[in-house]
Amino acid sequence: MNGSGNGSGTGFNTRAIHAGQEPDPATGAVNVPVHLSTTFKQDGVGGLRGGYEYSRSGNPTRTALQEALAALEEGGTGLTFASGLAAEDTLLRTVCAPGDHVVLAGDAYGGTFRLLSRVLSRWGLEHTPVDLGDLDAVRAAVRPATRVLWCETPTNPLLNIADIAELATVAHGAGALLVVDNTFASPYLQRPLTLGADVVVHSTTKYLGGHSDVVGGALVTADPALGDEIAFSQNAMGAVNGPFDAWLVLRGIKTLGVRMDRHCANAARVVEFLQRSPAVSAVLYPGLPGHPGHEIAARQMSGFGGMVSFRLAAGEEAALKVCERARLFTLAESLGGVESLIEHPGRMTHASAAGSPLEVPADLVRLSVGIEDAEDLLADLEQALA
Ligand SMILES: *Cc1c(COP(=O)(O)O)cnc(C)c1O
């Protein structure tokens with residue numbers, strides 16, 4: 001409804017700028033307006049003008065973002081939410097029922113694991129973390145009650161790679177849905193629906209927004225019936241994003257392609273630099289031929305992304321020092337913005353995983369490589385590692 005810009009047949013960057021984003025028919029405004037009105041005038045009782053009645057149920061700014069995301073992920077239905085976790089919660093409580101079971105990556109995003117282990121477990125939804133790189137282990141973890149196979153690739157912060165097409169086969173053989181959290185790659189580098197996934201999840205807070213100034217989430221599916229079910233839940237559960245937040249993400253995705261090209265190029269320079277540093281014992285990046293998931297990543301992604309993790313030869317203290325000495329790389333959680341960030345997963349983003357199977361090495365540092373000048377980023381890492 002409301003805008004025919006599904007963008008089919010046009011290139012990715014053209015879709016990012018135009019899909020769902022026709023000039024406003026009322027005013028000619030080239031950019032989609034921020035529609036703050038919560039309610040819409042009816043022409044006679046129940047006679048809706050543009051298909052809108054109340055802003056939780058539907059909002060024109062949100063519609064534009066949803067159509068753009070559906071076009072970028074090559075799915076028919078896009079739905080956006082207040083956060084990535086709000087999207088995840090809505091999806092899981094739509095496709096699962098108490099007594100069902102979810103298989104997820106052993107190194108899934110910590111918030112996904114917490115949602116399942118601390119919140120949805122009380123609702124009767126069970127889960128099993130497995131290494132998604134081990135297909136026999138995945139098959140062994142699947143039960144008759146398994147409704148969802150939850151994949152994240154590349155993972156956070158270890159940058160492991162899972163084979164989306166293979167996992168789709170396993171999931172569908174078991175009568176389950178394959179859900180892929182595509183936050184790290186973004187649709188510019190990887191389109192899971194074209195590889196057999198049923199639903200794509202995003203934290204639009206990261207690369208899609210791209211400027212570290214808006215929290216949001218999205219779900220995209222190519223299955224119209226499933227799209228309708230999730231759309232029902234979006235309204236019934238109400239975890240929607242506001243119109244200004246939708247507009248900020250829409251503004252961010254217009255430059256997704258050029259930003260991702262630069263994130264990838266800068267990450268490649270950073271990786272090359274880190275590999276030559278004697279202080280670094282290992283560099284984790286799917287673009288490296290020695291990375292265990294390199295071949296799969298090269299097949300299913302069109303670039304290797306802007307996230308780089310590395311381990312310090314001298315251990316945890318050295319890792320903490322690097323994080324604290326970095327200047328241009330800002331010490332902060334989150335990722336995917338234009339500015340470079342550095343963090344210590346063991347003490348920061350993944351602190352809650354201590355003592356669990358999801359625990360990360362203490363000597364690990366994670367970088368979200370931004371789009372500044374590569375020379376300046378390398379100079380900062382050089383002084384931080386000295
Ligand atoms: C940040 C993130 C989420 C959660 O998204 P929020 O917008 O913070 O709720 C989910 N998955 C991944 C991979 C993330 O990085």
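Small disclaimer: the values here were computed from a predicted structure and weren't measured. The first residue of the sequence shown is numbered 1, and numbering continues consecutively from there. Note that ligands are numbered from 1 as they come in the structure, with each ligand's atoms numbered from 1 the same way.
Heavy-atom distances between Gly216 and ligand 1 reach below 4.0 Å in at least one pair. In this structure, His202 has no heavy atom closer than 4.0 Å to ligand 1.
Screening Asn59, Thr80, Thr77 against Gln66 for a side chain to side chain contact (heavy atoms under 4.5 Å, CB included) leaves a single residue, Thr80.
For Tyr207 and His263, the gap between ring centers is short of 6.0 Å.
Sorted by first and then second residue, the pairs that involve residues 117-152 and meet ring pair (Phe, Tyr, Trp, His ring centres under 6.0 Å), not counting sequence neighbours, are Phe113-His127.
Those atoms of ligand 1 with a heavy atom of Ser203 less than 4.0 angstrom away are 1 (C), 2 (C), 3 (C), 4 (C), 5 (O), 6 (P), 7 (O). Close approach to Glu152 involves these atoms of ligand 1, each under 4.0 Å from a residue heavy atom: 13 (C). For ligand 1, the atoms sitting less than 4.0 Å from at least one non-hydrogen atom of Thr205 are 7 (O), numbered in the order shown with element in parentheses. Close contacts between ligand 1 and Asp181 involve ligand atoms 10 (C), 11 (N), 12 (C), 13 (C) [criterion: under 4.0 Å to a heavy atom].
Defined by atom type and a distance below 3.5 Å, a donor-acceptor pair is missing between the side-chain atoms of Tyr188 and Asn13.
The side chain of Thr183, and not its backbone, has at least one atom closer than 4.0 Å to an atom of ligand 1 (non-hydrogen atoms only; side chain from C-beta on).
Geometrically, ligand 1 and Gly84 share a nitrogen or oxygen pair separated by less than 3.5 Å. Of the polar atoms of Phe184, none of the N or O atoms is found under 3.5 Å from an N or O of ligand 1, judged by distance alone.
Closest approach of Glu316 to Arg347, counting heavy atoms only: OE2-NE, 3.0 Å.
The protein atom (non-hydrogen) at minimum distance from atom 3 (C) of ligand 1 is Tyr109 CE2, 3.4 Å. The protein heavy-atom contact nearest to atom 14 (C) of ligand 1 is Lys206 NZ, 3.0 Å.
Cluster annotation: Met348 is not connected to Leu335 through the hydrophobic network of ILVMFWY side chains, with a link wherever side-chain heavy atoms come within less than 4.5 Å.
Under a 4.0 Å N-O distance rule, the pair Asp363/Arg311 qualifies as a salt bridge.
At least one donor-acceptor pair closer than 3.5 Å links the side chain of Ser309 to the backbone N or O of Pro157.
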